[in-house]
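Residue numbers start at 1 and run along the sequence shown. All values derive from a computational prediction rather than experimental measurement.
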Amino acid sequence: HRRVDVLVTSYDLLRIDIDDWSSRRLFICALDEAQYIKNPAALTTRAVKSLEADHKFALTGTPMENRLSELWSIFDFLMPGLLGPYARFRERFELPIVGGEEDVAARLSAVVGPFLLRRRKADVLTDLPEKLESVVYAPMEGQQLKLYHAHEQRLREELTRQRRERKQRQAKRDAGEHVSSVEVLAELMQLRQLCCDPRLLFEGYRGHGAKLDTIMELVASAMEGGEKTLIFSQFTSFLDLIAQRLEEAGVAFYTITGKTPKRDRVELVNEFNGNDVPVFLVSLKAGGTGLNLTGASVVIHADPWWNAAAQQQATDRAHRIGQTRVVSVQKVIAKGTIEERILHLQEEKSKLADQVIGSSGISLASLSADELMDLLEG
């Protein structure tokens, strides 16, 4: 065999070729985009952790997107045993930290801190233009408001029923017990869809949707100022409705969703950065990383994502190397709804998460019954 100093592979190929890799002893194993091993049970994660190397490095811009188990999984690759078995880590760190115990967060930070080298964008890109963030409220009215309140009340009653049943069983559990009911999570998703536009839930809906008007006003304002706009949404069906309004207004646009082939994404991005098409619609998951859209200087988040870190990653498609304009980030929020309270919850969780790793994020599955009730009470 010819002597080779560096071997490069993808996570998918590593999983497929693991038998060949397992026979090698590596001097250094460096993972780029290390969040790919955040799920300890995934086959790819298991394959990566079976590699033998004298030195291990993990590079990632999203070290803890949703829950502390992701941090544990990366350290389980780097230094197996440092944080103990996951069950013990969950008991000792994750549950107390999620419960708001700041001293435990500080203790975990002290454990992992010596092995972290954190690079902040502000420290590296000192000449990067400013980023201005604001919240734009879209007040719901009429039929949309009635539908929202009806669904919110139904979910509130469901949570109250669950809490009552737990008390009747006299279960000796923490008051902040996590709710894993699929029905509750589905209802939360429906509330968020109603905030965007009732047509996401009811095909026959012919009433008004507050957000579309607000988004169109923001796009028009950007165009008047000669600026291009990125619009992110978790719901591709909402992007479809925005696209319909743009077409009716004669505004040209591009779209990237999870269904867009990678080769097409590159072409669309290059065209957008080099021409005068004013709007790019992007689904949050498909466009949260990897895209360079510095042609835009206005970023609109059409609906708030639970995870502030994922939203930040999306914003960074425009606020990155090569950007010459001040970037304006606008979060469109349905006034007086669960969306407004998601923002407050993001802020609370982000402060706590930042104490551990300098990242921010919450997971829908990690919300307690009390937190869910708080989301539903205006």
Practice prompt. Run the numbers on E157 and R154 for salt bridge (Lys or Arg N to Asp or Glu O under 4.0 Å), then give the verdict.
Written response: CA-CA 5 Å; E157 290 171 357; R154 188 170 72 185; over 6 Å; no

Discussion item. Quick one, L31 with K56, criterion side chain to side chain contact (heavy atoms under 4.5 Å, CB included). Give me CA distance, side-chain angles, the key distance, then yes/no.
Written reply: CA-CA 8 Å; L31 304 185; K56 295 179 180 179; over 6 Å; no

Practice prompt. Decide yes or no for T260 and L268: does some side-chain heavy atom of the first lie under 4.5 Å from some side-chain heavy atom of the second?
Written response: yes

Worksheet item: Taking atom types as modelled and ignoring hydrogens, do the side chains of T44 and R15 form a donor-acceptor contact shorter than 3.5 angstrom?
Response: yes

Fill in: Smallest separation among heavy atoms of L78 and A58, with atom names
CD2-N, 3.8 Å

Practice prompt. Show your reasoning for whether side chain to side chain contact (heavy atoms under 4.5 Å, CB included) applies to V251 and F253.
Written response: CA-CA 7 Å; V251 177; F253 62 91; 5.6 Å; no

Item to complete: For R317 and Q313, indicate whether the former's side chain and the latter's backbone hold a donor-acceptor pair under 3.5 Å.
Response: yes

Discussion item. Hydrophobic clustering (ILVMFWY, side-chain heavy atoms < 4.5 Å, transitive) - are F89 and L82 grouped together?
Written reply: yes

Worksheet item: Roughly how far apart are F75 CZ and L108 CG, rounded to 0.5 Å?
Response: 8.5 Å

Worksheet, complete the sentence: Taken to the nearest 0.5 Å, the spacing of L281 CG from L241 CG works out to 11.0 Å

Fill in: Ion pair R341/E152, N-O distance below 4.0 Å
yes

Discussion item. Whether the side chain of W72 engages the backbone of G84 through a donor-acceptor N/O pair (distance < 3.5 Å, no angle test) should be reported.
Written reply: yes

Practice prompt. Using a 4.5 Å cut-off on heavy atoms from C-beta on, say whether the side chain of R90 contacts that of L95.
Written response: yes

Worksheet item: Just by distance, do the side chain of E70 and the backbone of K38 share a donor-acceptor pair under 3.5 Å?
Response: no

Practice prompt. Of all the heavy-atom pairs spanning K131 and T315, show the shortest one and how long it is.
Written response: CD-CG2, 3.8 Å

Item to complete: Quick one: pull up OG in S50 and CG in L14 and give me the separation to the nearest 0.5 Å.
Response: 7.0 Å

Worksheet item: Can you tell me if Q143 and R206 form a side-chain donor-acceptor pair at under 3.5 Å?
Response: no

Item to complete: Look at the side-chain heavy atoms of Ile, Leu, Val, Met, Phe, Trp and Tyr, link any pair under 4.5 Å apart, and say whether W21 and V4 land in one connected group.
Response: yes

Worksheet item: Roughly how far apart are M189 CE and L191 CG, rounded to 0.5 Å?
Response: 11.0 Å

Worksheet item: Which residues pass the ring pair (Phe, Tyr, Trp, His ring centres under 6.0 Å) test with Y254, sequence neighbours left out?
Response: F280

Discussion item. Is there a path of hydrophobic side-chain contacts, each under 4.5 Å between heavy atoms of I/L/V/M/F/W/Y residues, joining L51 to L43?
Written reply: no

Worksheet, complete the sentence: Shortest non-hydrogen pair, V332 vs E339, comes out as O-OE1, 4.0 Å

Fill in: Minimum heavy-atom distance between F272 and P278, given as atom pair plus value
CE1-C, 4.2 Å

Discussion item. Are E340 and L343 packed together at the side-chain level, in the sense that at least one heavy-atom pair is separated by less than 4.5 angstrom?
Written reply: no

Without placing hydrogens or testing angles, list every side-chain donor-acceptor pair under 3.5 Å for residues 322-329, not counting sequence neighbours.
{"from": "Q323", "atom 1": "OE1", "to": "R325", "atom 2": "N", "distance (Å)": "3.0"}
{"from": "Q323", "atom 1": "NE2", "to": "T294", "atom 2": "O", "distance (Å)": "3.2"}
{"from": "Q323", "atom 1": "NE2", "to": "A296", "atom 2": "O", "distance (Å)": "2.8"}
{"from": "Q323", "atom 1": "NE2", "to": "A318", "atom 2": "O", "distance (Å)": "3.0"}
{"from": "R325", "atom 1": "NH2", "to": "G226", "atom 2": "O", "distance (Å)": "3.3"}

Fill in: Side-chain donor or acceptor of S22 paired with backbone N/O of D19 under 3.5 Å
yes

Practice prompt. Starting at CG of L212, measure out to CE of M216 and round the result to the nearest 0.5 Å.
Written response: 8.5 Å

Worksheet item: So is K335 actually on top of Y137's ring, under 6.0 Å and inside 45° of the axis?
Response: yes

Practice prompt. Before accepting this row, confirm whether a basic side-chain N of the pair R25/D54 lies closer than 4.0 Å to the acidic partner's carboxylate O.
Written response: yes

Discussion item. Any non-hydrogen side-chain atom of T236 less than 4.5 Å from a side-chain atom of K259?
Written reply: no

Practice prompt. Apply side chain to side chain contact (heavy atoms under 4.5 Å, CB included) to the pair T229 and I300, showing each step before the final yes or no.
Written response: CA-CA 7 Å; T229 303; I300 296 174; 3.6 Å; yes

Worksheet item: Does R3 come within less than 4.0 Å of D5, counting only side-chain N to carboxylate O?
Response: yes

Discussion item. Tell me if a side-chain donor or acceptor on T45 pairs with a main-chain N or O of N39 at a distance below 3.5 Å.
Written reply: yes

Worksheet item: L230 versus F232: any side-chain heavy-atom pair under 4.5 Å?
Response: yes

Table please: side-chain donor-acceptor pairs of residues 194-202 below 3.5 Å, with sequence neighbours left out.
{"from": "D197", "atom 1": "OD1", "to": "R199", "atom 2": "N", "distance (Å)": "3.0"}
{"from": "D197", "atom 1": "OD1", "to": "R199", "atom 2": "NE", "distance (Å)": "3.1"}
{"from": "D197", "atom 1": "OD2", "to": "R199", "atom 2": "NH2", "distance (Å)": "3.3"}

Worksheet item: Rounded to the nearest 0.5 Å, what separation is found between the CG atom of L71 and the CD1 atom of I97?
Response: 9.0 Å

Worksheet item: Will you find, in the side chains of S233 and H301, an N or O donor that is under 3.5 Å from an N or O acceptor?
Response: no

Fill in: Flag side-chain contact, heavy atom, 4.5 Å: M223 against E227
no

Discussion item. Does Y86 form a side chain to side chain donor-acceptor pair (under 3.5 Å) with E94? I'd like the steps, not just the answer.
Written reply: CA-CA 10 Å; Y86 177 62; E94 188 170 17; 2.5 Å; yes

Item to complete: Under the side chain to side chain contact (heavy atoms under 4.5 Å, CB included) rule, what do Q330 and V299 come out as? Steps first, then yes or no, please.
Response: CA-CA 6 Å; Q330 293 154 333; V299 178; over 6 Å; no

Practice prompt. Count the heavy atoms belonging to other residues, nucleotides or ligands that lie under 6.0 Å from CD of E203, then report whether that count exceeds 12.
Written response: no

Worksheet entry | Y205 OH: over 12 foreign heavy atoms closer than 6.0 Å | yes

Worksheet entry | Check: T60/Q35 side-chain N/O donor and acceptor closer than 3.5 Å | yes

Discussion item. In this structure, would F57 and Y11 fall into the same cluster of hydrophobic residues linked by side-chain contacts under 4.5 Å?
Written reply: no

Worksheet item: Do K228 side-chain atoms and V277 backbone N/O form a donor-acceptor pair below 3.5 Å?
Response: yes

Item to complete: Can you see which heavy atom on G258 is nearest to which on S283, and at what distance?
Response: N-OG, 3.7 Å

Worksheet item: Checking R265 side chain against I256 main chain: does a donor-acceptor pair fall under 3.5 Å?
Response: no

Worksheet item: Does any non-hydrogen side-chain atom of D76 lie less than 4.5 Å from one of L83?
Response: no

Discussion item. Please say yes or no: joined through hydrophobic side-chain contacts below 4.5 Å, possibly via intermediate residues, are V48 and L7 part of one cluster?
Written reply: yes

Item to complete: Evaluate the side-chain proximity of F235 to L239: yes if any heavy-atom separation is below 4.5 Å, no if none is.
Response: no

Worksheet entry | Presence of salt bridge, D303 and K211, under 4.0 angstrom | no

Discussion item. Do Q144 and Y148 pair up side chain to side chain, a donor and an acceptor below 3.5 Å, judged on atom types alone?
Written reply: no

